[in-house]
**Student:** 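Below is one structure. I have some questions about it.
Counting from 1, the numbers follow the sequence of the chain as shown.
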Amino acid sequence: MKKGNVFPSDADEELGMGTEMETEIESKMELKIHDLNEEYPYEKSPGSPLRGRAEAGGASGKNRRTQYGGARDGKAEERGAYARRRGKRQRREKKRKRHSGGVVFPVFLCLLALTAVTGCVVLVLENRKLHNEVQVAMAYVEEVNAVTTYTEEEVHAMTAEAAAKAAEQSSSEKEKEILGEIRTRMENGEGTAPVLRSLYKDELVVAADGRYYFFPIVDTLKHHSYQAEQFQMNEEGILEYWADGQVASKKGIDVSRYQEEINWRKVAGDGVDYAFIRLGIRGATEGKLVLDTTYEDNMDGALDNGIDVGVYFFTQALNKEEAVEEAEFVLEHLGGYDVTYPIVLDVEEVTTKNPRTENLTKQERTEACIAFCERIKEAGYTPMIYGNLKTFLLMLDMEQLEEYEKWFAFYQTPLYFPYEFSVWQYTSTGSVNGIKGDVDMNVSMKDWGNE
């Protein structure tokens with residue numbers, strides 16, 4: 001570019017010099033370019049007073065422009081085109097810069113302000129947290145300062161003293177509680193044995209011979225699986241055993257000559273499923289074998305009315321030989337009767353003065369029971385032993401009798417016997433249609449008639 005040219009040099013542009021000057025120069029250039037290239041303005045105004053003058057001098061003007069301006073027109077047009085292109089480019093650049101500057105800068109300021117506010121909030125929260133921690137620490141320090149400290153020996157002494165006082169108080173309160181319970185139950189008419197049984201839950205309490213015996217409950221003997229709460233007395237006073245929402249037991253009685261004549265049709269109509277009928281006894285003094293006077297009538301009457309039967313024999317055998325003799329007597333009188341329930345050996349203490357079995361040992365009684373049961377089993381029947389708490393805990397050795405069925409007599413509820421048994425005689429004062437007076441009632445957890 002020649003010196004003196006009105007366009008800025010490249011160096012000037014790079015240095016960003018004279019923005020206002022550039023604008024002014026561009027305006028002047030546009031004006032000159034307009035003067036050089038545009039027709040006279042007066043020609044475009046038909047009503048202008050100078051129109052005539054312009055027309056008159058039109059020819060001479062054109063001649064002059066042709067004569068003197070021909071050479072300049074080429075350069076002027078070239079400079080004009082360049083100037084227009086450069087001007088447009090610069091105007092676009094300035095517009096872009098103005099637009100960018102107008103958007104970016106406010107956004108930047110907003111971000112900066114937001115960052116500052118966030119920082120302030122964080123500082124406030126941290127300050128509050130630190131303040132709370134200081135308060136907690138100060139409170140802990142005050143609490144520690146207020147606590148009295150003790151040596152290890154002092155702590156041990158204090159602990160021992162507190163334990164002694166607690167034990168003394170606990171023992172005293174427990175004693176009062178037990179005594180209060182005993183007093184209440186005795187006042188309500190309960191006997192001594194039931195009260196003791198409720199207090200010694202890990203032992204079996206047996207009242208016999210004017211004294212009380214305590215037998216630990218052992219796991220070496222088979223235990224039954226009955227649940228005490230599943231034995232329920234129905235509206236008629238009949239004890240039933242419930243399982244899976246239904247009655248799972250059989251209603252039974254046991255009879256002898258003491259029930260006199262029985263109307264077995266009415267007994268069957270009262271829902272009796274089975275009956276144990278006494279076959280006979282051995283005399284407690286002389287030892288004779290005696291058939292019950294009502295045995296045959298009771299057997300016929302029960303079987304004719306669809307009641308299952310079993311039989312029992314009251315023993316006073318002194319040894320194994322006499323026990324086998326009793327078994328043979330029973331088998332002889334079974335005859336052709338359909339006996340589906342067990343054959344029972346009744347082992348009880350007798351009240352007769354000077355009974356023949358008075359001095360038998362536990363082992364001798366146990367051996368006699370085994371001899372009877374084995375003979376009954378050989379004949380194809382199911383042997384069973386009948387007795388109460390005294391029978392099974394004082395008179396017999398249950399460990400030697402595990403394989404035989406048990407018929408347990410106990411006239412109180414809930415059930416008080418942990419070991420395995422099949423039939424429970426729960427009262428001696430039951431009532432059944434067709435029988436005058438009291439009768440022994442039984443609940444069997446096995447349906448012997450269908451086995």
**Student:** Mind checking salt bridge (charged side-chain N to carboxylate O under 4.0 Å, His left out) for Lys288 and listing every partner two or more places apart, or none if nothing turns up?
**Tutor:**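 Partners of Lys288 under the salt bridge (charged side-chain N to carboxylate O under 4.0 Å, His left out) test: Glu286.
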**Student:** Under the side-chain contact (heavy atoms from CB on, under 4.5 Å) rule, collect the residues that match up with Lys377, sequence neighbours excluded.
**Tutor:**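 Partners of Lys377 under the side-chain contact (heavy atoms from CB on, under 4.5 Å) test: Glu374, Pro383, Glu403, Tyr404.
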**Student:** Between Asp273 and Ile307, is there a side-chain heavy-atom distance shorter than 4.5 Å?
**Tutor:**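 Result no, sub-4.5 Å side-chain heavy-atom pair not found.
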**Student:** Restricting to side chain to side chain donor-acceptor pair (under 3.5 Å), what partner residues turn up for Thr315, sequence neighbours left out?
**Tutor:**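 Here the qualifying residues are Glu326.
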**Student:** Is a side-chain donor or acceptor of Lys406 paired with a backbone partner of Leu401 at a separation under 3.5 angstrom?
**Tutor:**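 Checking the backbone N and O of Leu401 against the side chain of Lys406, a donor-acceptor pair under 3.5 Å is found.
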**Student:** Are the aromatic rings of Tyr386 and Tyr312 close, with centres under 6.0 Å apart?
**Tutor:**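 Aromatic pair excluded; centres sit 6.0 Å or further apart.
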**Student:** Centroid separation under 6.0 Å, is that true for the rings of Tyr419 and Phe421?
**Tutor:**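 Distance test on ring centres: not under 6.0 Å, no.
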**Student:** For Ile281, give me all partners under side-chain contact (heavy atoms from CB on, under 4.5 Å), at least two apart in sequence or on another chain.
**Tutor:**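 Once residues adjacent in sequence are excluded, the partners of Ile281 under the side-chain contact (heavy atoms from CB on, under 4.5 Å) criterion are Arg278, Val290, Phe314.
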**Student:** List for me each residue that meets side chain to side chain donor-acceptor pair (under 3.5 Å) alongside Trp407, sequence neighbours excluded, and say none if there are none.
**Tutor:**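 By the side chain to side chain donor-acceptor pair (under 3.5 Å) rule, Trp407 matches Asn442.
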**Student:** Under the side-chain contact (heavy atoms from CB on, under 4.5 Å) test, which residues partner Glu402, sequence neighbours left out?
**Tutor:**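 Partners of Glu402 under the side-chain contact (heavy atoms from CB on, under 4.5 Å) test: Leu221, Lys222.
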**Student:** If the condition is side chain to side chain donor-acceptor pair (under 3.5 Å), which residues does Thr366 pass it with, not counting sequence neighbours?
**Tutor:**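 Expected list: none.
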**Student:** Quick one, Leu389 and Tyr213 - any side-chain contact, counting heavy atoms below 4.5 Å?
**Tutor:**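 No - every pair of side-chain heavy atoms lies 4.5 Å or more apart.
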**Student:** Do Tyr295 and Val311 have side-chain heavy atoms sitting under 4.5 Å apart?
**Tutor:**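 Sidechains of Val311 and Tyr295: in contact.
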**Student:** Are Ile385 and Phe392 side-chain neighbours, meaning at least one heavy-atom pair lies under 4.5 Å?
**Tutor:**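 Counting from C-beta outward, Ile385 and Phe392 do come under 4.5 Å.
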**Student:** Ring centroids only, cut at 6.0 angstrom: are Phe417 and Trp424 within range, meaning strictly under it?
**Tutor:**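 Ring centres of Trp424 and Phe417 not closer than 6.0 Å.
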**Student:** With a cut-off of 3.5 Å and sequence neighbours excluded, list every side-chain donor-acceptor pair involving residues 338-352.
**Tutor:**
| residue | atom | partner | partner atom | Å |
| --- | --- | --- | --- | --- |
| Glu349 | OE1 | Lys390 | NZ | 2.8 |
| Glu349 | OE2 | Lys390 | NZ | 2.6 |

**Student:** Mind checking salt bridge (charged side-chain N to carboxylate O under 4.0 Å, His left out) for Arg185 and listing every partner two or more places apart, or none if nothing turns up?
**Tutor:**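 Counting only residues at least two positions away or on another chain, Arg185 forms a salt bridge (charged side-chain N to carboxylate O under 4.0 Å, His left out) with Glu181, Glu190.
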**Student:** Examine Tyr200 together with Phe214 and report whether their ring centres are nearer than 6.0 Å.
**Tutor:**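 Distance test on ring centres: under 6.0 Å, yes.
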**Student:** May I ask you to test the Leu415-Phe231 pair for a side-chain heavy-atom distance under 4.5 Å?
**Tutor:**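 In short, these two side chains touch, coming nearer than 4.5 Å.
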**Student:** State, with a plain yes or no, whether a side-chain heavy atom of Arg356 is found less than 4.5 Å away from one of Glu322.
**Tutor:**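 Yes - at least one pair of side-chain heavy atoms lies under 4.5 Å apart.
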**Student:** Could you check Arg282 against Glu325 for salt bridge (Lys or Arg N to Asp or Glu O under 4.0 Å), going step by step and ending with a plain yes or no?
**Tutor:** CA-CA 10 Å; Arg282 182 187 286 274; Glu325 183 185 10; 3.1 Å; yes
**Student:** With sequence neighbours excluded, give me every salt bridge (charged side-chain N to carboxylate O under 4.0 Å, His left out) pair touching residues 293-316.
**Tutor:**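 Counting only pairs at least two positions apart or across chains, no salt bridge (charged side-chain N to carboxylate O under 4.0 Å, His left out) contact touches residues 293-316.
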**Student:** Quick one: side chain to side chain donor-acceptor pair (under 3.5 Å) partners of Asp438, sequence neighbours excluded?
**Tutor:**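 With neighbours one apart ignored, the set is empty.
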**Student:** Tell me every residue that passes side-chain contact (heavy atoms from CB on, under 4.5 Å) with Glu405, counting only those two or more places apart in sequence or in another chain.
**Tutor:**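 Applying side-chain contact (heavy atoms from CB on, under 4.5 Å) to Glu405 gives Thr382, Met384, Ser422, Lys446, Trp448.
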**Student:** Is there a donor-acceptor pair closer than 3.5 Å between any side-chain N or O of Glu420 and the backbone N or O of His223?
**Tutor:**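 Side chain of Glu420 to backbone of His223, a donor-acceptor pair under 3.5 Å: no, none is there.
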